Peer 1: 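Please see the structure below; I have some questions.
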Amino acid sequence: GNGGGTTADQEPAAGASSAAPGSALKVGLAFDVGGRGDKSFNDAAYAGLEKAKTELGAEIKELSPSADGSNRGDLLRQLADAGFNPIIGVGFAYAEDVKKAAEEYPEIQFAVVDSASNAPNVTGLLFAEEQGSYLAGVAAATKSESGHVGFVGGVESDLIKKFEAGFVAGVKSVKADAKIDIKYLSPDGDFTGFKAPDKGKVAAEKMYQDGADIVYHASGDSGLGVFQAAAAAQKKAIGVDSDQRQTVKETDLQSVIMTSMLKRVDVGVFEFIKAFQGGAKGGANVTYDLKVDGVGLSTTGGEIDDIKDKLDAARKDIVDGKITVPAKP
Amino acid sequence: MTRIGKYHVTLIGVAALILLMSLVRIVSGQEDITSSGTFAAALLLAVPIALAGLGGLWAERAGVVNIGLEGMMVLGTWFAGWAGYQWGAVAALVAGLLGGALGGLLHAIATVSFGVDHIISGVAINLLGPGVTRFLSEVLYQEGTSASDAGAGITSSPAISSPAPSISLPVLSDGPDLLGRLENTHWFLLSDLAGILRGLTHDVNVLVIVAVLMLPLTFFVLWHTAFGLRLRSAGENPWAAESLGVNVYLIKYAAVVISGAFAGLGGVFLVFVSTKYVEGQTQGRGFIGLAAMIFGNWRPGGLTAGASLFGYANGLQLRSTGAVTTFFLFGAVLLLAYLVLQVRRLISADRPAELAATSARQYTLMALAALGAVILFWLWLTVGQLPDEFVYITPHVLTLLVLLVASQRLRMPKADGVRYRRGEQH
Amino acid sequence: MPAGLNRALLTVVGAVVAIILAIAICSVAIVIAGGRPLDALAAFFDFGETARAQANSVAAFLNRAVPLYIAGLAVAIGFRMNLFNIGVEGQYRIAAVCAAFVGSTFTAPAPIRITVIILVAAIVGGLYALIPAVMKVTRGVNEVIATIMLNYIAINLSTFLVRGPFAGERAEGQLTTTTPPLPASGMFPDLNFLFEGFGLLPPTRNGGLWGFLVVAAVLGIVIWFVLERTRFGFNVKASGLNSPAALASGVNPKTMVIAAMVLSGAVAGLIGLPEILGDRGAFNSNFTAGLGFLGIAVALLGRNKPGGIAIAALLFAFLDRGQGALQFADVPASVITIIQGAIVLLVVVANEMTNRFALRLEERRAAQQLGRHTPVEVTA
Amino acid sequence: MSADTLATVKPAVELEGITKRFPGVVANHDIRITVQPGTVHAIVGENGAGKSTLMKILYGMQKPDEGTIKVNGVEVSFRTPSDAIGVGIGMVHQHFMLADNFTVLENIVLGAEPKKGGRLDTVGARRRITELAGTHGLRVDPDKLVEDLGVGDRQRVEILKVLYRGARILILDEPTAVLVPQEVEELFQNLRELRADGLTVIFISHKLDEVLDIADAITVIRRGTTVAEVDPSEVTARQLAELMVGSELPTPETRESTVTDTVALRAAHLTMEADGHHPLPKGTSITQYADKLRAEGKRLLLDDVSFEIHKGEILGIAGVEGNGQSELIEALMGIRPAHGRIDLDFHDISAWSTLKRREAGIGYIPEDRHRQGLLLEASLWENRVLGHQTRKPARRGIWVDRRASRADTERIVKDYDVRTPSVDTLALALSGGNQQKLIVGREMSGDPAFLIAAHPTRGVDVGAQAAIWDHLRDARAAGLAVLLISADLDELIGLSDSIRVIYRGRLVAALDPSDITPERLGGYMTGAIAGNEET
Ligand SMILES: Nc1ncnc2c1ncn2[C@@H]1O[C@H](COP(=O)(O)OP(=O)(O)OP(=O)(O)O)[C@@H](O)[C@H]1O
Ligand SMILES: Nc1ncnc2c1ncn2[C@@H]1O[C@H](COP(=O)(O)OP(=O)(O)OP(=O)(O)O)[C@@H](O)[C@H]1O
Ligand SMILES: [Mg+2]
Ligand SMILES: [Mg+2]
């Protein structure tokens, strides 16, 4: 191997080798469709895994599913059969497969990102996207001059609807009469909406033309189109998942990204592995919310520094339970 | 009917359509029906379909069915992204063209040299395109490479280093933006015209202009040059062409490679729009392009109409979910127009024999049309918002409807899809 | 029938050469990627160390072959008469969502419930395929375009159904939308006893080795009989080889289009069932997609004959199973798609060449055996 | 072109020792032919003798395995037709080589397009074509679509294609096969003009009197090799034919009439519109409807066609191709809807499907065996099943009875002398004549009541021809009613008990075969002679 797999140096032999001496912790991770190197969700999970390797001395192995995702369950089993423990499935699509694998391998600990735990040896790594999105909504509404903002969702799935719900609640909390345009690019089950920058652009363009001045997107690669539309309209956009002002390399697009709603999958993955090493057992959900900084807003560029107080107040209200953010629109 | 006649009919048709749109806009209050934004979006979404359709046209006019357009388009996007981030937009253009052409070459080798069934080869290329590009990404964009540092990942390339320029029509749609002002007055017909024109001329990517020019260019080359005549003869009767000394293999090779290049160009366009290669961004446009071409009766003009329909329905759908319900109103008005025409014919009919012959069928048809109009009108009044799933399929349903009405007038090249071998007759 | 034997032999030789070539091409790709082709090859055959891993791998391999096989059969029925049913993709999705929902709505003994599910799937798939068939027969709409459009419509329609009218209860925090689950008794019995019979560990993989494998095998035999032995199959073949001749012989092309398309759609309707009845017990928003398109490749590779399709489906499934193993060996898993594409293309080219060669052989043999009016005989 | 003046002494074409092998067949073997410039040189030989192959070699479409070609005294070697075109050779093929969806002009200029600034120079091309057409008396409209042309016009387009390229040596491979005598005469007039202009014509035909009429020299080919070089003024058609086959010739002769009084098939007022089938208006008769359509200037493919065929009768239909014969067959077979009534054995079958008609005992020998008669890539026994799927011996419940079908195919192979290694051989491996015999045998199976025989011996050599004629006569004697459609007027006159002429979709004349000559028949067929002759 030439660096394609991070375990290449530790595990030169092909296939599943028996437990390498000296390394008790063998962590397996199965990505969602798209796989390692998507600069997004999967990579965030990988970052957590890699951190576990360096900080916890874990032996790691990560697998990507086939393009149609039909072999998610098999990947989990292959990891289990190869002696990995714990094993993490990235993405809610793994919910069912993790549940079944967990039944078959009761001695192994599993975790699934974005889905609730449903077995004694499964940990659900949940993220309070709605809380982060709420803050994004607050930021958008506060910064908006026109009182008109927008939301572009990639696929109309319940996950993305959490983003929408939180964002809408956040906006309304600041300006109850604010106008919010909402558009999804593809229906549930058709994941092309995450890969259509041109459609993202058209949808966002319409919002900007109608007077919106800030658009929040939760649409994967399609968000690129949203940023372009923002740049063309000389307005602002809010990124998602990672600090897109840093991950997006185009300088003209960086400047339109007012902030990004962070979803710290890396934190979730790392914390889970760490807890496992500490002997924790599954069967519960861990929600990474505002309280533990599992979600949040990025501040790169300093554009929301001026409303920091307001954001902190909202954050505090949520953490204190004064505000319950809805997870469904 | 002479060509002039057809041309006039087309013009009248377009005028009637705009009038209808304008009416529907006024009645429904959905400004997006003719807004410049919708038309700009329609153009953006129609161009890759039209380019894929042109790819299909070139191949099928030469007698080779090209269902592999999708795979060739994928190759186009990947190579455009790969060259684009390193050497800029021009390199992206060239590389995308070459990438698509490479897919075309593969198809040509299989179908022309080895006589493989065209559909089979196309299916294989549709498998290969995404596989090869994914593989290349895994090799070239893996972590630690310079590409990766520039923003590449397994599913996307870095942004192209110099984006393709966009231009606008001076004064009219930019600067003072006269068309834009006219559009905003929301006058009947005038504003609609202004909106349409502005949408098609404001901030247009140069590649759009290139693509749009390709349509008349294709028409010119295929119907008014010696090369075009030979190419079409290979699709109509390759044995006749062979007997006159035309090198049919060479022609077919050229046509299929050009076809691939057009699909690749469609891919380049997608990359220019998103400024980078994104895995899966072709989204089946190769297939849609093929549909647009068949819809357009294997002609550039018809293909334009097909691609426009798709682009428009898709653009409208993305911009305004509400506007889509006005398609019900469209349909109702069209059915009404049909009814009025039929009634007029009935009234003015002075041939009772004919009348008697066709009346039963005709009356049923008219009754159905009336019923349809009423239902559509009722739907328009009552359905506030369609479930999104139904909104997404608007273009596909419209295509099916149009094919149902017009299919029997289509005429494909006679030797399209036929395995041709030199020296072997039929 | 030595001629037939010759032909079969030639076909096999051609296919083997093509597959070797495809492997060679991929080896080059792997070398370019900095990997070792032999590692990759080993990975494909590495079914794991432990008995449990091996049983799971075998089950994964065979289970993957089942839907691919059914998809190949569905596509082949149309292709046999030059009817390009590209719409298998849409047909199976619609059928799967309806069958899963209907199956979950009533209580009945398992055999009845399963029969009903299979019937519903076949009927819905057949009805959905009826649309392009009727469009073709009455209005001359090209079936390739119609089915492509109907695929998009089916994907959206199935989403609409699973989100709306057919949606089932969802657990707290579950993000996939799904139809109500079948009870355990509604699932198809597995074939794990086969492993035990051989003294092996049964796969622990949920659902084990899918029992639907048997249905697929039976289906294949039935379709073989239908296509090769019945009058309907003869008419399909005649229409495919020479439609004007079929017409003149009394075959009604319209009936044939409708019958073949509906049969193709009905078989297509079953594609999703192995997954529903063997594993998931429901249709959900991340139900395996793309099997219809893969079915086209499988059917073509198998020359539209049930036996060939079985081999092709097994080959594809075998390669697909390598997905994880290759990654364990640090080889990019996308070589699988490349191999699959290359094999389809090369096998088809090889088919073409061997076919031509076989025909020529046949002609020559006929001419030689006859010593007919031909001017001078070539002595071989 | 200047070479022509020099070459008056040199032969226009010299073929030396040409040999061409196909898998299993030697099509040409050591062929030697010398063609003098400014002459019409005929090549005759039975089917499959190798004439077309030889001409394709001369035209660069196929490469000879051995031998040399000299054109105007210069040795040449052609790789493609363009090389042959380059030295002034042009060829009109046995089958039309025209793109239907192209105009006449496009078909003519294809491959030799005049250009003007990158564009196709249609103006110049049109001028040249009109000019050429004028000088050689080949009238055509350059802007018409070829699909709208009749066969005569198409043949002229083919010749114009050749002349347009400035060919000085013309190869015409069976140009008269689809023409009626008047059109043939017209063509010959054109050829004589061309000869007078100094062009050389190589002419292939199976119609030996035509050959004797036009040729200046004749080469006879048998079994792929040249067997004789004769002077047309010194041989009779019969001698020539015997040279071709090397044996005595059969002729179709009617023996004593077997016509009975029982009507087997009656067709009444068959009418078919060109622009699709419309239902008949209520209360109008078909005749009135046809009158009305005619008055409106609508084209009728079948125009009020009525006839009866008795058991044991062969009714011949004469007509130039494209006058409604195919449509008549399609109407009788139920392949295409038409107005009118058809009775078979006193049952009205006009609403029946093709299948039901076949089951009721209609047999059909199609005009194009490859298109409508055979599954080329299926075995002989499967071809035996074709058309009999629902009848014994092919049928057994829902199954195809393979064993019985094989056995019955063996019977046909034996009775009809189909030369084949086995019944599992693919149909495409058989020669045309043997394929035809198989079809005849198949259609005669299961005791048909009525047989449509369209060009039953087209492209079949003399031996097979005689056999097929015998089978038709035997079946007639056994009471079969036959509708015979043939372009071979000798066959038509020889076999038929009565003849009807079809012209523009109408039956225009009823003739008695015993006192009609092919020439007179041709007159009726082209509409040159109008009126009726009583049988
Ligand atoms: N491409 C080919 N491949 C194999 N055999 C061929 C091919 N072309 C011709 N033949 C064989 O060569 C022989 C000569 O055929 P050719 O067509 O030259 O005969 P012909 O004299 O023109 O006959 P006809 O009078 O029927 O036109 C035939 O036996 C035919 O079977
Ligand atoms: N284009 C071709 N390609 C391959 N084989 C051909 C071709 N043309 C003719 N043949 C072969 O030639 C033989 C029959 O050709 P054709 O129909 O010309 O028969 P023929 O020689 O005229 O015989 P007959 O005198 O019985 O009609 C067959 O073996 C056929 O396979
Ligand atoms: Mg012949
Ligand atoms: Mg010939």
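Just so we're on the same page: letters track the sequence lines, and every chain starts at 1. This one's a predicted model, so the numbers in the text were calculated from it and none came from an experiment.
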Peer 1: Report yes if some heavy atom in the side chain of A:Arg72 is under 4.5 Å from a heavy atom in the side chain of C:Asn286; otherwise report no.
Peer 2: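 Side chain of A:Arg72 against side chain of C:Asn286, heavy atoms only: contact under 4.5 Å found.
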Peer 1: For A:Glu104 and C:Asn56, does a side-chain donor sit closer than 3.5 Å to a side-chain acceptor?
Peer 2: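 Per modelled atom types, A:Glu104 and C:Asn56 side chains form no pair under 3.5 Å.
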Peer 1: Which atoms of A:Leu75 come close to chain C, meaning under 4.5 Å heavy atom to heavy atom: side chain ones, backbone ones, both, or neither?
Peer 2: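 Interface part for A:Leu75: side chain.
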Peer 1: Can you find a pair of side-chain heavy atoms, one from C:Thr176 and one from A:Tyr94, that are under 4.5 Å apart?
Peer 2: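 Result no, sub-4.5 Å side-chain heavy-atom pair not found.
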Peer 1: So which atom in A:Lys61 and which in C:Asp330 form the shortest heavy-atom distance, rounded to 0.1 Å?
Peer 2: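 For A:Lys61 versus C:Asp330, the nearest heavy atoms are NZ-OD1, 3.4 Å.
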Peer 1: Does C:Gln327 reach the side chain of A:Gln78, with side-chain heavy atoms less than 4.5 Å apart?
Peer 2: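 Heavy-atom side-chain distance check fails, nothing below 4.5 Å.
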Peer 1: Is it the backbone or the side chain of A:Ala93 that comes under 4.5 Å from a heavy atom of chain C, or both, or neither?
Peer 2: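 Contact with chain C involves both backbone and side-chain atoms of A:Ala93.
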Peer 1: Taking 4.0 angstrom as the limit, do A:Asp68 and C:Arg64 come out as a salt bridge?
Peer 2: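 So A:Asp68 pairs with C:Arg64 through a salt bridge.
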Peer 1: Go through the atoms of A:Ser64 and report whether side chain, backbone, both or neither lie under 4.5 Å from a heavy atom of chain C.
Peer 2: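 Contact with chain C is through both the backbone and side chain of A:Ser64.
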Peer 1: Taking all atoms of both residues into account, what is the closest heavy-atom pair of A:Ala82 and C:Phe328, and its distance?
Peer 2: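 Closest heavy-atom pair between A:Ala82 and C:Phe328: CB-CZ, 4.0 Å.
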Peer 1: Going from CG on C:Leu319 to OG on A:Ser66, what distance comes out if it is rounded to the nearest 0.5 angstrom?
Peer 2: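 Atom-to-atom, C:Leu319:CG and A:Ser66:OG are 12.5 Å apart.
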Peer 1: Kindly compute the distance separating CG (A:Asp74) from CZ (C:Arg321), expressed to the nearest 0.5 Å.
Peer 2: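 The CZ atom of C:Arg321 is 9.0 Å from CG of A:Asp74, to the nearest 0.5 Å.
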Peer 1: Does any part of the side chain of C:Thr159, heavy atoms only, come nearer than 4.5 Å to the side chain of A:Glu156, both counted from C-beta?
Peer 2: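 A:Glu156 vs C:Thr159: side chains apart.
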Peer 1: Would you please name every residue forming a salt bridge (Lys or Arg N to Asp or Glu O under 4.0 Å) with A:Asp289, sequence neighbours left out?
Peer 2: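 In terms of salt bridge (Lys or Arg N to Asp or Glu O under 4.0 Å), with neighbours along the sequence ignored, A:Asp289 is linked to no residue.
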Peer 1: Where on C:Ala289 is there a heavy atom nearer than 4.5 Å to chain A: the side chain, the backbone, both, or neither?
Peer 2: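 For C:Ala289, backbone heavy atoms alone lie under 4.5 Å from chain A.
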Peer 1: For A:Lys100 and C:Asp279, run side chain to side chain contact (heavy atoms under 4.5 Å, CB included): C-alpha distance rounded to whole Å, both residues' side-chain angles, the deciding distance at 0.1 Å, then the answer.
Peer 2: CA-CA 9 Å; A:Lys100 287 176 179 163; C:Asp279 187 0; 2.9 Å; yes
Peer 1: From A:Asp81 CG over to C:Thr50 OG1, what is the distance, rounded to the nearest 0.5 angstrom?
Peer 2: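 It comes to 5.0 Å.
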Peer 1: Could you tell me whether C:Glu169 atom CD has more than 12 heavy atoms of other residues or ligands within 6.0 Å of it?
Peer 2: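 Check fails, neighbour count at 12 or below.
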Peer 1: With a 4.5 angstrom heavy-atom cut-off, is it the side chain or the backbone of C:Arg52 that approaches chain A, or both, or neither?
Peer 2: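 Both backbone and side chain.
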Peer 1: With sequence neighbours left out, write down each residue that passes salt bridge (Lys or Arg N to Asp or Glu O under 4.0 Å) with C:Glu275, or none if nothing qualifies.
Peer 2: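 Salt bridge (Lys or Arg N to Asp or Glu O under 4.0 Å) list for C:Glu275, sorted by chain: C:Arg280.
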Peer 1: Answer yes or no: are there more than 12 heavy-atom neighbours, outside A:Lys161 itself, under 6.0 Å from its atom NZ?
Peer 2: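 For A:Lys161, atom NZ is crowded (more than 12 foreign heavy atoms under 6.0 Å).
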